Structure formats: structure tokens, C-alpha cells
Student: 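Take this structure first; my questions come after.
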Amino acid sequence: LGNIVRDRVRSVLDNGQRREALVAGFLIGDTSGLSARDLDSLRRSGLTHFVAVSGSNVALFLAAWWVLTAAVGIGPRRRFLVGVVGLAIFVVVTRWEASVLRAACMAATVLGAAASGIVVDTWVAIGVAASVLLLVSGQLAVDVGFQLSVAATVGIMLGSGMFAVRRPKVLWATLGAATAAQIAVVPILLLHFGLVPLMSPLANLLSAPLVTGATVTGALAVVVGWEPAVGVSSALAGTVLAIADIAAEWPQLGLAGVLATVGATAAIRLKRTRALAVAGIA
């Protein structure tokens, strides 16, 4: 069933255009239709995680799955169990990517507990998911995708509320989550790639709603084969590619740049050094 779904996505979105290839990346993590230049732009702009299918994709999939199971009259507790089955199918569709395994195991922990009448928080969920995955497949410990996925998730859980008092709430919550995730993965990015995209949170803030829209309309196009939905999804993905192309030229920080940024941030927070730090940054 997973292969049937995957083939359906590729058949609807396989016309050689980079925009539709990116939509396939959003849906199933298939980036084979993207050029090396596009993939490098996504990496340098900090947007690669959108095509390394992860938590947001799992959430959208489960939302759609929830609607479908509600329509056929399945009770809440059974829907939790059916949701776990849906997650298994989704993992196969996306070819067992490390980030998908992490997100799916977290979701399965929550759904399985809910089916038993138990409420678990996100810390329990990520603890169970990481522990089970590493026990089953120890090589994930050195997998870059798994390291980034776990670190980013923990970062979001710890720091997504850093701008909670600011309004508009949706805007600042998105920026807070992107910033927290970026800070958490800095050591891993430096270790494996030697560079960190400084303005990644801004690129993510601009891209996140577009990716969500492209994913939803792309999924609709795959299910019903509606051509206008393909067009809308493709246009949104094209805008994301344009953002990636622009953001790829923004500063990339090495270790010295990261340390300087941390120092400047600390200096700005102190009244005595704020003016000097702002002048230096400018």
C-alpha cells in the first residue's frame, strides 16, 4: 500500500518541473527530481528539513487520516489505533527516513497511550521514540538526519515560547520555533558541514506557511487528481524555491562566526555594551 501511494504521488507530480519535484519532496521526501543546485540552496538557506519529511508532515498526514476515519464512523479509541496503522503506511511511503521514524514513533507513542486512556507529554514521547529506535537500530546514533531531527525537536520543546508575549502570536510563535530549532542544531551543523546559515529562522518564517499550503494542496491533487490543485501547489513550491535561492546567498557562519554571534547577542542584552554591540554588528 505504501508503494502504491508513493507511485501515485510521483505519477501526478512527475512532469520534469522543479516546482512539482519540490512538492513531491514535501509529501514523501523524494528529492530525485531536484537538481544539485536546488538541494544546495535548500541546505544553505536552512530549509532542507522541509524535504526531509518530519513532524509537520506527520501532523498533516494524521489530520487527514483523522478526517477520513471520522467520516466512516470509527470511535475515538479505535481511531487512535487506526492512526498507528496509518503511521506505519506513511513510514513506508517516505522510505524510512530517520526524521520520519522519529516523528512517527513519537506520534505512535501518543496515540497508543491515548488508546489505553493514558496521557503522555512530548518529553515522554521523544524519550520513548529515541530509546526504542536506538535499541532497534543502533546505527541511527551516527545518522546526521536522526541527530538533527532529535536536536531540533528538543530545541523547539525548550525554546519555542521565547517570544510568547509578543503579538501577532502566530508570527512570533513560528519565528520562536525556527530560532529554537536552529540554535539546537548548531553544534551538529558545525561538526558535519562546518557552516551554519545565520538567517535560517527568517527563511523558515517566510517559507513555513507556503510549505504547509503546498503540502495540503499537493496531497489533494494526488488524492483526487484535480489539476488546479497541482497548479496552486506548484506555485507555492516555486515561491519556496525563490526564497531558498535568495537565502542561500545570506551569511554562512563557521565556528568563529557562531562564537562572534553568541558574543554579540550577549553584549546586546547588557545595557553597558548594547550600543557598542549594535554598532559593531552594523
Side-chain angles (χ1 to χ4, degrees), residues 2-64 90-95 97 99-100 103 145 148-149 152 170-171 174-175 177-178 181-182 193 197 199-250 252:
N3 288 332
I4 290 171
V5 173
R6 189 177 179 87
D7 291 342
R8 171 67 178 175
V9 171
R10 299 183 71 172
S11 66
V12 171
L13 299 171
D14 186 17
N15 67 357
Q17 292 190 15
R18 60 198 287 255
R19 299 183 303 176
E20 293 187 9
L22 183 60
V23 178
F26 295 156
L27 290 172
I28 59 174
D30 181 4
T31 58
S32 59
L34 291 171
S35 67
R37 179 180 178 279
D38 287 333
L39 292 172
D40 187 58
S41 293
L42 290 169
R43 181 183 63 80
R44 289 176 61 85
S45 59
L47 302 179
T48 305
H49 64 96
F50 286 126
V51 292
V53 184
S54 58
S56 58
N57 307 77
V58 169
L60 288 170
F61 173 80
L62 280 178
F90 189 69
V91 167
V92 175
V93 171
T94 53
R95 289 294 186 264
E97 287 193 29
S99 55
V100 175
L148 289 171
S149 181
V170 173
L171 174 68
T174 304
L175 182 60
Q182 179 69 9
F193 305 109
M199 303 300 288
S200 173
L202 178 58
N204 276 272
L205 177 66
L206 297 173
S207 299
L210 299 171
V211 173
T212 300
T215 303
V216 171
T217 52
L220 179 63
V222 169
V223 172
V224 301
W226 193 35
E227 193 62 32
V230 177
V232 172
S233 182
S234 178
L236 292 171
T239 307
V240 174
L241 285 171
I243 293 171
D245 289 338
I246 295 171
E249 302 302 322
W250 293 347
Q252 306 287 313

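Being a predicted model, the structure only gives us computed values, none of them experimental.
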Student: What distance separates L206 CG from M199 CE, expressed to the nearest 0.5 Å?
Tutor: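 So the gap between those two atoms works out to 9.5 Å.
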Student: Measure from the side-chain N and O atoms of N204 to the backbone N and O of G46, and report whether any donor-acceptor pair falls under 3.5 Å.
Tutor: yes
Student: Hey, does L42 have a side-chain heavy atom less than 4.5 Å from the side chain of L34?
Tutor: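 Sidechains of L42 and L34: in contact.
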Student: For the side chain of S233 and the backbone of V230, is there at least one donor-acceptor N/O pair under 3.5 Å apart?
Tutor: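 No; zero donor-acceptor contacts below 3.5 Å.
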Student: Evaluate the side-chain proximity of V222 to L27: yes if any heavy-atom separation is below 4.5 Å, no if none is.
Tutor: yes
Student: Show the nearest heavy-atom pair for residues A247 and Q252, with the distance to one decimal.
Tutor: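 Closest pair (atom of A247, atom of Q252, distance): O-NE2, 4.5 Å.
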Student: Donor-acceptor pair, distance only, cut-off 3.5 Å: does the side chain of S41 make one with the backbone of D245?
Tutor: no
Student: Does R95 have any side chain to side chain donor-acceptor pair (under 3.5 Å) partners at least two apart in sequence or in another chain, and if so, which?
Tutor: N3
Student: Please examine the side chains of L148 and H49, heavy atoms only from C-beta on, and report whether any two atoms are closer than 4.5 Å.
Tutor: no
Student: Is the shortest side-chain heavy-atom distance between L22 and F50 below 4.5 Å?
Tutor: no
Student: Looking at A229 and T217, what are the two nearest heavy atoms and their distance?
Tutor: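 Scanning both residues completely, I find the closest heavy atoms to be CB-O, 3.7 Å.
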Student: Applying side chain to side chain contact (heavy atoms under 4.5 Å, CB included) to N57 and F90, what does each step give before you reach the verdict?
Tutor: CA-CA 10 Å; N57 307 77; F90 189 69; 4.1 Å; yes
Student: Could you go through the salt bridge (Lys or Arg N to Asp or Glu O under 4.0 Å) check for R43 and D40 one step at a time?
Tutor: CA-CA 5 Å; R43 181 183 63 80; D40 187 58; 2.8 Å; yes
Student: Check G218 against V23 and note the closest heavy-atom contact, atom names and distance.
Tutor: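 Scanning both residues completely, I find the closest heavy atoms to be CA-CG1, 4.1 Å.
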Student: Enter the distance from S234:OG to R18:CZ here, rounded to the nearest 0.5 Å.
Tutor: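 Reported value, rounded in 0.5 Å steps: 10.5 Å.
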Student: So which heavy atom on L236 is nearest to which on A214, and how close?
Tutor: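 Shortest heavy-atom contact: CD1-N, 3.4 Å.
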Student: Is there a donor-acceptor pair closer than 3.5 Å between any side-chain N or O of S99 and the backbone N or O of A52?
Tutor: yes
Student: Do V9 and D30 have side chains that approach each other closer than 4.5 Å (heavy atoms only, starting at C-beta)?
Tutor: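 Result no, sub-4.5 Å side-chain heavy-atom pair not found.
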Student: Is a side-chain donor or acceptor of R6 paired with a backbone partner of V93 at a separation under 3.5 angstrom?
Tutor: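 At least one qualifying donor-acceptor pair exists.
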Student: Go through the steps for L47 and V211 under the test side chain to side chain contact (heavy atoms under 4.5 Å, CB included), then give the verdict.
Tutor: CA-CA 10 Å; L47 302 179; V211 173; over 6 Å; no
Student: Checking the side chain of S207 only, and the main-chain atoms of A203 only, is there a donor and an acceptor separated by less than 3.5 Å?
Tutor: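 Pair found, side chain donor or acceptor close to backbone of A203.
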Student: Just verifying a value: how many Å separate F26 CZ and L60 CG, rounded to the nearest 0.5 Å?
Tutor: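 Going from CZ on F26 over to CG on L60, the span is 11.5 Å.
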Student: With side chains defined as the heavy atoms from C-beta onward, is the minimum distance between Q182 and P197 less than 4.5 Å?
Tutor: yes
Student: Looking only at heavy atoms, what is the nearest atom pair of E97 and G29, with distance?
Tutor: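 So the two residues come closest at OE2-O, 3.4 Å.
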Student: Would you check if the side chain of D7 reaches a backbone N or O of I4 as a donor-acceptor pair within less than 3.5 Å?
Tutor: no
